[in-house]
Structure formats: structure tokens, C-alpha cells
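Everything below concerns the one structure shown next.
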Amino acid sequence: MPYDPTAIETRWQDKWISERTFRAEIDPEKPKYYVLDMFPYPSGEGLHVGHPKGYISTDAIARYKRLRGFSVLHPMGWDAFGLPAEQYAVKTGTHPRITTERNINNYRRQLKQLGLSYDWHREVDTTEPDYVKWTQWIFSKLFERGLAYEAEVPVNWCPALGTVLANEEVIDGKSERGSHPVVRMPMKQWMLRITEYAERLIDDLDDLDWPEHIKRMQLEWIGRSEGARVAFPIEGSDGEIEVFTTRPDTLFGATYIVLAPEHPLVAEMTTEPQRAAVDAYVEGAARKSERVRTADTGEKTGVFTGGFAINPVNDERVPVWIADYVLSTYGTGAIMAVPAHDQRDWDFATRFEIPIVQVVDNGGDVSEGATTQPGVAMNSAFLDGLPTAEAKTRINAWLEEQGKGEATVSYKLRDWLFSRQRYWGEPFPVLHLEDGTTKLVPHDELPVLLPELDDWTPSGDFETPLSRVPEWIQTTDPATGAPARRDRNTMPQWAGSCWYFLRFCDPLNHDAAFSPEAEQYWMPVDLYVGGAEHAVLHLLYARFWHKVLYDAGFVHCKEPFQKLLNPGMILGYSYRYYDDNLEDDPAVSPNLYPSSAVRIEGERATAAANGDEVKARWVHHTEIRLDEDGTALHPDRDDIMLEEVTEKMSKSRGNVISPDEMIEEFGADAMRVYTLFMGPLDKGAPWSTEGIPGCFRFLQRSHRLFYEQNGETESLRTLPAGAGTDDQQRLTAATIAGVTEDMEAIQPNTAISKLMVFVRDIAKDSPLPQDAAEAFLIMLGCYAPHLAEELWSQLGHTGSVGLAAWPTYDEALLVSETITLAVQVNGKRRAEIEVPADADNDAVQAIALADEGVQRHVEGKAPRKVIVVPGRLVNIVV
RNA sequence: GCCCGGGUGGCGAAAUGGUAAACGCGGGCGACUUAAAAUCGCCUGGCUUCGGCCGUGCAGGUUCGAGUCCUGCCCCGGGCACCA
């Protein structure tokens with residue numbers, strides 16, 4: 001039996017864990033490297049074959065860095081609060097703690113069998129009392145610094161989930177999870193003042209080694225824009241309307257004002273004749289959620305209030321309207337409308353026949369539409385003739401002099417709605433006193449733990465699960481003995497993931513969230529790897545908390561994650577057809593349709609033949625049949641060809657491949673090598689079951705370098721001592737050089753291809769020498785650690801190959817005596833020449849020109865120019 | 001609509017402005033075998049009058065030389081979407 005992963009893998013996994021081979025230790029003598037995976041939410045589904053791509057990549061890097069002499073922190077844990085466990089509890093009555101524990105055990109089992117070199121002694125679970133305590137402690141710090149406050153805010157209430165959702169969790173007016181409708185309601189909620197950090201969250205992005213598109217997404221989410229606030233006096237009153245504009249230079253072109261329907265001045269501005277129309281409009285707008293309103297980019301609607309304001313630059317009367325294209329939550333909730341130079345204002349003005357006054361000449365025609373390009377000011381008194389940028393500066397100075405406005409900055413980012421009406425989350429460590437004030441639970445009373453509950457069903461009437469436990473809600477203030485009420489809300493799932501990377505530095509600490517020594521040594525995270533779906537939310541929230549802890553003196557670096565990488569998604573092949581059993585009635589035997597007989601229009605699919613509505617169905621990937629051309633067929637019907645679709649793995653599409661089955665068949669090492677070899681870390685690709693055997697064969701060949709077959713048995717080869725022949729030394733050196741370079745660039749895919757070349761060629765002419773064998777195993781250990789460890793121990797080593805020293809090589813071996821150059825004539829490759837490595841350009845040129853093939857193409861013409869690229873090629877231009 | 005990515009053999013993919021397709025899958029041929037599997041070796045972009053010619057989504061440009069840089073367009077994936 002040549003290479004049998006099942007015989008060796010669990011043995012090494014157990015040994016690594018029992019001996020704590022990969023413990024992370026603070027070692028002042030060594031440089032540190034903190035490589036972190038985004039910790040998973042342990043869902044009931046378990047891992048599919050795509051999840052470990054990031055984990056396997058970080059593991060290869062962690063192992064590489066250890067071999068390079070770094071003290072490596074490579075931990076794993078569980079982001080275990082969250083909605084699914086609670087929803088499961090509602091359905092089955094199983095306590096979320098039970099479900100969570102079960103799922104964690106399954107995840108841990110799956111990760112362990114991949115041979116990942118985590119320091120499992122540092123495992124954290126965000127639902128553990130000892131973790132919750134410090135999450136609540138950080139909340140206390142936010143509260144003490146005035147960054148956590150309660151406010152009556154219009155929230156996104158989702159009746160189906162029975163909870164409020166953050167703006168970020170609402171997509172197109174529906175909940176991100178489950179796509180249930182969401183409505184706007186005012187409720188008292190905990191808010192975190194993330195807006196106070198907006199500027200720093202932007203500025204500090206500069207120093208981070210993150211993918212540019214992720215930085216950009218954060219920038220756009222924060223949405224900084226520079227402009228001015230301008231006060232428009234209200235006609236017939238002492239009041240004024242303050243507007244925010246990014247184009248103060250167009251102030252002379254402001255021909256009307258628009259208030260958001262929720263603006264506090266709406267009632268005051270409205271005249272009697274207009275009141276009924278205004279009230280109706282305001283009421284209509286209130287019924288729509290903000291997302292619905294902003295998503296609707298159709299025709300502009302609005303109502304005139306009957307009131308007027310005065311344009312401060314020219315004292316002209318401008319009518320005041322309300323319209324829902326103005327958002328109450330951005331800027332001042334009011335705008336000055338400049339229809340000539342803003343398309344939305346132009347659409348509105350055109351519809352309601354409001355004058356359009358051009359105040360910027362930029363070559364455009366304002367009768368056709370708004371002209372938004374910069375240009376030169378016109379019809380603008382003292383601004384006339386100034387280019388847009390100068391006009392802005394000038395008018396801002398004027399506004400400030402006159403006390404009529406000022407330059408200012410606005411952000412799209414809002415404060416973070418931080419409470420949820422759920423059970424399975426961290427309780428707020430606060431007490432509401434009878435006088436209406438709120439104070440923190442004293443530190444020595446933390447953690448505030450969840451009360452036991454046996455019914456998790458949301459009541460649907462804005463009551464939270466916790467309010468059903470009066471004996472928990474009702475308590476006393478330990479300082480005064482006065483009655484107090486606990487908060488009925490819990491924190492969102494983000495709370496635990498906002499600081500887990502700090503807990504990993506010192507996870508067993510009972511007296512602090514982490515010690516200053518551990519934080520000093522390990523932070524920041526040098527490499528953070530996880531899904532691009534966290535580009536804004538998790539990464540923005542975690543940066544915010546980290547900055548608060550920085551300001552409070554608990555951490556020494558401004559940013560938590562130095563380098564960020566997003567693994568590409570591994571896709572699965574799914575197989576689709578359609579049927580007309582729209583109600584999923586099991587009693588019906590539906591008509592089946594292949595995709596080719598179905599017409600798709602938007603969300604609707606109809607049978608091409610009769611126009612009946614049909615519904616997509618998927619055949620599980622193991623149940624398809626292939627005809628002789630390789631076309632997938634329905635399991636029972638030869639006439640139904642299945643459409644092959646490459647998409648995200650999910651249970652409902654029947655295209656999930658579990659790592660368990662891959663490991664059982666090919667072993668963890670082959671699964672790891674294939675995952676890495678498929679392509680670059682950040683690129684996604686479909687998982688092809690046909691690809692793994694190739695990687696398995698590579699491991700088998702590696703194994704055969706060390707073992708020889710004698711009839712039925714096999715025995716370890718005796719490896720000659722030393723470095724071997726010149727060719728072997730050169731190949732070994734080139735492999736080390738190449739693999740090192742690839743690992744520094746985080747390209748394990750090409751590193752593995754170099755090891756494949758090594759295995760193919762190293763023992764071609766002479767037996768594998770000892771030195772080459774050891775260098776190879778140390779490198780191989782990054783990708784196929786079990787096999788490397790096994791062979792390493794067979795060579796007589798007692799320590800782990802994962803703790804050896806990265807191999808070195810002699811640079812001189814990479815320089816050969818002669819080199820092969822390509823010769824081009826007019827840029828086309830015509831010949832190949834062999835020249836001494838140290839030949840100078842003239843000598844190379846002479847050899848090239850003398851070449852027969854070159855002569856034929858030069859056709860006796862005199863070269864006009866000869867370019868010699870040392871070590872590469874010669875190009876002769878005639 | 002706007003902003004990011006990406007488009008290279010039958011497939012996954014390589015390639016500091018310098019010989020396009022390394023490595024792997026699949027396919028073909030051969031060796032070993034009674035045979036098959038496994039293994040090993042060789043071949044594998046298209047066309048060709050066997051001189052070559054054409055080939056990195058399309059059309060141009062810069063350059064001695066472009067997959068790589070620039071301009072315009074097409075397609076696919078992702079993000080944002082009335083933010084004044």
C-alpha cells in the first residue's frame with residue numbers, strides 16, 4: 001500500500017493537539033506574526049468544501065512564518081450568538097445554548113481533521129460568560145465615554161422576525177436574513193456614536209494594506225462630502241431654514257427650497273390652503289421605509305407648503321416645498337434646490353414648473369437637463385467669472401462674514417443602532433432607575449447573564465423575550481438598594497466580533513479582557529483573512545471599537561488589521577429544471593420542463609409551449625445521470641436535460657460538497673493541496689471533484705521518493721548523505737528560492753507547482769539525497785503537513801517538521817554557465833541561442849547575428865537597431 | 001445609472017513591458033501486464049502549401065517589443081443607488 005492518508009492523519013492531528021505543538025508564545029527574542037481567520041458563526045449546516053479555503057491558506061502562511069522564525073499567533077473561535085440558533089429554539093424548543101454547543105463541536109471536528117495548526121488552547125466562544133463579561137466591559141467603556149446613548153429613533157421594525165434591524169441589515173426594504181418586509185417605527189434604542197469617529201475611520205485607511213476596493217467601499221459607506229450650511233430666513237418670521245449643499249457656488253441659482261417630509265419646520269411653513277395636501281403627503285411618506293423611498297428613483301413627487309424663504313445672497317423670495325427625495329437623516333434634512341445644476345432638482349422643477357436659473361457656464365444646455373460639470377460662475381453678482389472651485393471658496397468666506405452660513409462636512413454614516421429585541425445575545429450591563437436615569441452595572445457584578453427561558457417565540461407586539469422574565473428585569477441598584485430595571489434588549493451579533501482578535505491575545509485572562517503585555521506583543525493582526533461580505537459592517541464596527549479602546553489607552557495601535565485578504569468563493573455545480581407544481585404539493589405529479597423549454601422574464605418563469613408559470617427545481621449533484629455526450633439528465637426522465645449552473649454552494653441547490661467526504665476519500669492533505677493549488681487566494685472557482693486526484697497523485701509521488709516497493713512490501717529508501725549531484729543541488733536551490741518567493745507573495749498555488757516539478761525531477765538520474773529530502777519536507781509541511789510530518793519522523797527526526805528551520809540555499813547555484821536567449825527579428829521570435837552567462841551585449845549580439853535562422857530572416861539587410869535584454873532575448877530591427 | 005473587480009487552451013490556471021499557455025485536470029499514443037487497473041514515458045492552442053501564418057473579449061494607440069501600459073466599446077461578477 002503506497003500512500004494511505006487515513007493511516008497517518010488522525011495520528012498526527014492528535015499528537016499536535018496533545019503536545020500543543022503549535023502553541024503561541026510571547027517570545028521577545030522573536031518577531032511576531034498574528035494571522036487570523038474571520039471566526040465563523042457555527043451554523044447547523046456544518047462546513048462545505050468552500051469554507052476552508054481561507055483557513056487552509058492562513059494555515060499555510062502560519063506554518064511558513066513559524067519556519068521562518070516568527071512567533072506565530074494563529075487562533076480559532078466561534079461567533080456564536082445569533083439569530084439562527086434562536087429561530088431554531090422557537091421552532092423546536094431546544095435552548096440556543098444546546099444548539100450552539102452542538103454546532104461548535106461539529107465545526108471543531110471538521111476543522112481539526114484538516115490539520116490546521118491552530119493553538120486550540122486559545123479557542124474563544126462569544127457566548128461564554130467569561131467572554132460576555134468583557135464584551136459588557138467594553139460597552140461600559142463606550143457608555144462612560146458618552147459613545148453609547150439611548151434615543152427614540154425611527155427604526156426598521158421587522159414584524160416577521162419580531163425585531164428591529166440595523167440599516168445595514170435591511171436591503172431594499174426587506175430583512176437581509178429571510179427577506180421579510182420591514183417598516184419604520186419610532187422606538188427607544190441603544191445607539192453608538194460611530195459618527196464621531198467618521199473622520200478617523202476614513203483617514204486611517206491610508207496606512208492599511210487592504211484591497212483597494214474594500215477601502216473604497218468603506219469610504220463610500222462613510223460618505224464624506226464637503227459643502228456648506230446656508231441659512232435661509234423664513235419670510236414673515238424670525239426663523240430660518242438651514243440647508244446643506246455641496247455647491248454653495250450655485251446659491252444664486254437656488255429657486256426653491258425642499259424640506260424632508262419629517263422636517264420640524266414643515267408645520268410652521270405650511271399655510272392654511274395647503275395644509276390638507278401637506279398633511280396627506282407627510283402621512284404617505286411616513287408609511288414608506290427610508291429604503292423604499294430612496295430605492296424608488298421614479299418620478300419626483302412633492303407638495304408646496306405655501307410658505308416662502310429668502311435667498312440670503314440676493315434677497316429673492318423662494319417657495320418652500322416638501323418632497324420625499326430629501327432625506328431627513330442626511331445633512332440638515334433640507335436643501336436649496338438649484339434646478340439648473342442638479343438633475344434631481346431639474347426633474348422636480350420641470351414637473352412643477354418652477355423657474356430654472358443658470359448660474360454656471362460649463363458649455364451645457366440647461367433647457368435639456370441639469371449641467372453638473374464645474375465651469376465659470378454667471379448671473380451670480382460678485383461670483384461672476386470665477387471658476388467653480390474659486391467660487392466655492394469665495395462664497396463660503398462671504399457666508400461666514402455675513403453670519404449666514406459656513407463651510408462644513410456631511411457624512412452618510414449614521415450612528416449605529418445597537419440594540420436588538422432578541423434573547424440570544426449579550427444583555428446590556430445597565431440599570432434603569434426610577435428617576436429615569438440609566439447607570440452601569442458595577443464592574444464586579446459583571447457579567448450580566450441571560451435568564452433561563454423556555455419559550456423563545458417573539459410576541460410580535462414590541463415586547464422582547466427578556467421582558468417575559470419580570471424577576472430578572474426587576475432588580476436593585478447594588479449601590480443604593482433602590483429598585484431598578486434591567487434593559488430588555490440584547491446586543492447585536494456584531495458585539496462579540498468587534499474585539500475577539502484582542503481576546504485571542506490573552507484568552508484565559510480572568511482579571512482583564514487582555515493583558516497589556518499580550519496586547520503589546522501580538523497586536524495588530526498582521527494578516528486578516530475573511531469574506532468580502534464583511535467589507536463594511538464587521539470591519540467598520542471592529543475598527544470603531546478598536547479606536548475607542550485606543551483612546552481609552554487599552555490598546556497601543558490605532559488600527560486592528562494591518563493586511564486584509566478576501567478569499568474567493570468556491571462555487572458548486574447545480575443542476576436545474578422546472579415544473580409546474582407551484583404550491584409544492586406532494587400529491588401532484590407535475591409536468592417537468594428542461595430549461596430550454598422555459599422562458600425567463602425577470603422573476604417569472606413560464607413554459608415556452610403553453611405560457612404556464614413554472615418553478616425552478618434542482619437535482620442533487622449525486623443524483624444526476626450523464627448521457628453519452630456528458631449531458632446531465634433527470635434521475636427518472638431521459639427527456640429532461642438538466643441545465644448546469646455554477647453558483648454558491650447551498651443546501652437548497654443540492655450542490656454542496658462536504659469536506660468530510662473529500663477527506664474520507666483522499667485525505668486532508670490532498671484536500672488542502674487542491675484547495676491551494678486551484679488558483680490564487682482571492683479568486684473564486686467551482687470545486688471540481690476531478691481535480692483532487694491529481695493532487696493526491698502528487699502526494700503519492702512524494703511518498704514514493706522515500707519508499708520503495710519490494711514485491712508486496714515497501715521499505716524506506718536509504719538516502720545518500722549530502723546534497724547530491726550538481727543538477728540535484730541546482731534543482732533544490734531553485735525550488736527553495738521559488739517557493740520562498742511565492743510564499744512571501746502569498747501565492748501558494750505557484751509554490752505547490754514548484755514542488756511538483758521538484759518531485760518529478762529530483763530523483764530522475766540519481767537517488768534523492770538527504771539534504772534535498774529534508775528541505776523538501778520542510779516546505780511540503782506548509783501544504784501537506786501530515787505526510788511531511790510522517791516522512792520527517794521516518795527520517796529519524798523527533799521534533800515536528802512544523803517547527804524546523806526554513807531551508808537555505810547557495811545563490812551561486814542559481815547562476816548557470818550558459819544561458820538560452822530567444823532571438824527576435826522585428827519583434828518576432830526566430831531563433832534560440834546558447835551564450836555564456838557572462839557574455840557582454842556585443843558578444844551576444846554577434847552570436848545572434850551569426851545564427852542561421854536569424855540570417856534567413858534578416859535577409860542580408862543591415863540591422864537598424866539591436867536590443868539586448870540581458871538574460872532574456874535579443875531583438876534585431878531591420 | 002455610478003463605482004470597483006474580471007475576461008488567456010476542452011477545463012483550473014501561469015507569465016518583473018521581453019520566448020504566451022509553467023503546474024495540474026481531461027484527452028491521445030507508447031512501455032510494463034495474458035489482460036485490465038495502477039504506475040512510468042512522450043504528445044496535446046488553431047490553421048498550414050511544412051516556409052510559415054494566426055492566436056490572451058472587440059476596435060484602435062504607445063513601444064524595437066503589449067496578456068501586461070493608454071483610449072473607446074462589449075460581456076460576466078460584485079458593490080452602491082434621489083446622500084443635495
Side-chain angles (χ1 to χ4, degrees), chain A residues 2 172 211-217 219-221 223-225 227 243-247 250 254 258 260 290-291 293-298 300 323-327 329-338 341-345 347-348 372 410-414 532-533 535-536 566 568-569 571 630 673-674 677-680 682-695 697-698 700-701 704 709 738 747 749-757 760 820-832 856-857 863-878:
Chain A
D172 291 334
E212 280 308 314
H213 70 277
I214 302 284
K215 287 192 188 182
R216 191 169 295 275
M217 281 166 71
L219 275 176
E220 284 172 5
W221 191 266
R224 181 184 199 276
S225 56
V243 303
F244 173 74
T245 177
T246 53
R247 291 295 300 274
T250 62
V258 186
E290 186 166 304
R291 280 293 171 132
R293 267 165 57 179
T294 57
D296 176 17
T297 48
K300 298 276 178 292
D324 68 3
Y325 80 91
V326 174
L327 309 176
T329 45
Y330 181 74
T332 62
I335 62 159
M336 62 177 220
V338 183
H341 307 295
D342 181 287
Q343 191 57 44
R344 295 154 302 184
D345 298 345
D347 294 343
F348 191 85
T372 55
S410 248
Y411 299 94
K412 290 188 203 172
L413 185 71
R414 322 278 167 81
E533 67 273 21
V536 236
N566 305 120
M569 184 155 359
L571 307 169
V673 170
Y674 176 62
F677 185 64
M678 274 173 81
D682 56 359
K683 201 168 167 181
W687 181 271
S688 145
T689 315
E690 286 85 60
I692 298 202
C695 293
R697 277 197 285 273
F698 159 63
Q700 215 170 23
R701 282 192 276 260
R704 253 197 319 268
Q709 201 72 23
Q747 288 165 358
N749 52 328
T750 48
I752 289 169
S753 76
K754 280 159 190 141
L755 292 180
M756 286 173 168
V757 172
R760 185 189 64 194
T820 308
L821 298 183
V823 185
Q824 299 180 332
V825 178
N826 291 333
K828 287 198 194 304
R829 183 175 175 278
R830 297 298 182 187
E832 210 169 69
R856 196 168 63 227
H857 286 92
R864 280 196 291 135
K865 195 171 176 184
V866 179
I867 291 124
V868 179
V869 183
R872 289 283 182 180
L873 54 68
V874 182
N875 189 10
I876 298 159
V877 185
V878 296

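Predicted, not measured: the structure shown is a model, and the values here were computed from it. Proteins get letters first, then strands, A, B, ... in listed order; numbering begins at 1 in each.
- Between A:Tyr330 atom OH and B:rC82 atom P the separation is 13 Å, expressed in whole Å.
- Nucleic acid contact for A:Glu832: base, since at least one base atom lies under 4.0 Å from a heavy atom of the residue.
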field: Trace of the side chain to side chain contact (heavy atoms under 4.5 Å, CB included) decision for A:Met756 with A:Arg760
entry: CA-CA 6 Å; A:Met756 286 173 168; A:Arg760 185 189 64 194; over 6 Å; no
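- The separation between A:Leu821 atom CG and B:rG18 atom P is 15 Å, rounded to whole Å.
- Using a 4.0 Å heavy-atom criterion, one finds that A:Val869 contacts the bases of the nucleic acid, with or without backbone contacts as well.
- For A:Arg830 and B:rC53, the CZ to P distance is 4 Å, given to the nearest whole Å.
- The glycosidic torsion of B:rG9 lies within 90° of 0, placing the base in the syn range.
- Counting non-hydrogen atoms under 4.0 angstrom, A:Gln700 reaches the backbone sugars and phosphates but no base.
- Counting only N and O atoms by type, the side chains of A:Tyr674 and A:Thr689 include no donor and acceptor under 3.5 Å apart.
- Mapping A:Gly333 and A:Glu690 onto RNA chain B by nearest heavy atom places A:Glu690 closer to the 5' end of the strand.
- Among the protein residues, A:Pro693 comes within range of no part of the nucleic acid, since none of its heavy atoms lies under 4.0 Å from any strand.
- Cation-pi geometry between A:Lys300 and A:Phe348 is not satisfied (NZ or CZ under 6.0 Å from the ring centre, within 45° of the ring normal).
- Contacts of A:Ser225 with the nucleic acid, taken as non-hydrogen atoms under 4.0 Å apart, involve only primed sugar atoms and P, OP1 or OP2.
- In this structure, A:Phe244 and A:Val877 both approach RNA chain B, and ranking their closest nucleotides by distance from the 5' end singles out A:Val877.
- Nucleotides B:rU44 and B:rG24, compared at atom P, are 14 Å apart to the nearest Å.
- Comparing the C1' positions of B:rG55 and B:rA20 gives a spacing of 9 Å, expressed to the nearest Å.
- Among the protein residues, A:Arg216 comes within range of the sugar-phosphate backbone only, with heavy atoms under 4.0 Å from sugar or phosphate atoms but none that close to a base.
- Here B:rA81 sits opposite no nucleotide as a Watson-Crick or G-U wobble pair (both hydrogen-bonding atom distances under 3.5 Å).
- When side chains are defined from C-beta on, A:Phe698 counts as touching A:Val673, because their heavy atoms get closer than 4.5 Å.
- In terms of polar N and O atoms assigned as donor or acceptor, the side chain of A:Lys754 never comes within less than 3.5 Å of the base of B:rC23 in a complementary pairing.
- Among the atoms of the strands shown, only primed sugar atoms or phosphate atoms (P, OP1, OP2) are found under 4.0 Å from some heavy atom of A:Asn749.
- Note: CZ (A:Arg872) to P (B:rG18) measures 7 Å, nearest angstrom.
- Side chain of A:Lys865, nearest nucleotide from B:rC64, B:rA22, B:rC3: B:rC64.
- Atom CG of A:Leu755 is separated from atom P of B:rA14 by 16 Å (rounded to the nearest Å).
- Remark: B:rA14 base-pairs with no nucleotide; criterion is Watson-Crick or G-U wobble with both hydrogen-bond distances under 3.5 Å.
- Nucleotide B:rU56 is matched to nothing when pairs are restricted to Watson-Crick or G-U wobble geometry with both distances under 3.5 angstrom.
- A:Ser688 comes within 4.0 angstrom of nothing in the nucleic acid, heavy atoms only.
- An OP1 or OP2 oxygen of B:rC25 is reached within less than 4.0 angstrom by a side-chain nitrogen or oxygen of A:Arg697.
- The CD1 atom of A:Ile692 sits 21 Å away from the P atom of B:rC23 (whole-angstrom rounding).
- Taking atom CG on A:Leu413 and atom P on B:rC80, their separation rounds to 14 Å, with Å as the unit.
- The separation between A:Arg224 atom CZ and B:rC80 atom C1' is 20 Å, rounded to whole Å.
- In this structure, the side chains of A:Ile876 and A:Val874 come closer than 4.5 Å at one or more pairs of heavy atoms.
- No contact: A:Gly223 has no heavy atom under 4.0 Å from any strand.
- Atom OG1 of A:Thr372 sits about 11.5 Å away from atom CG of A:Asp345, to the nearest 0.5 Å.
- For A:Arg760 and B:rC23, the shortest distance from a side-chain N or O to OP1 or OP2 is below 4.0 Å.
- B:rG51 shows a glycosidic angle within 90° of 0 and is accordingly assigned syn.
- The gap from the P atom of B:rC50 to that of B:rC64 amounts to 35 Å, rounded to the nearest Å.
- Pair check for B:rG26 finds B:rU44; Watson-Crick or G-U wobble, both atom distances under 3.5 Å.
- Remark: the backbone N or O of A:Gly827 is paired with a side-chain donor or acceptor of A:Asn875 at under 3.5 angstrom.
- B:rG5 is paired with B:rC76 under the criterion used here, namely a Watson-Crick or G-U wobble arrangement in which both key atom distances are under 3.5 Å.
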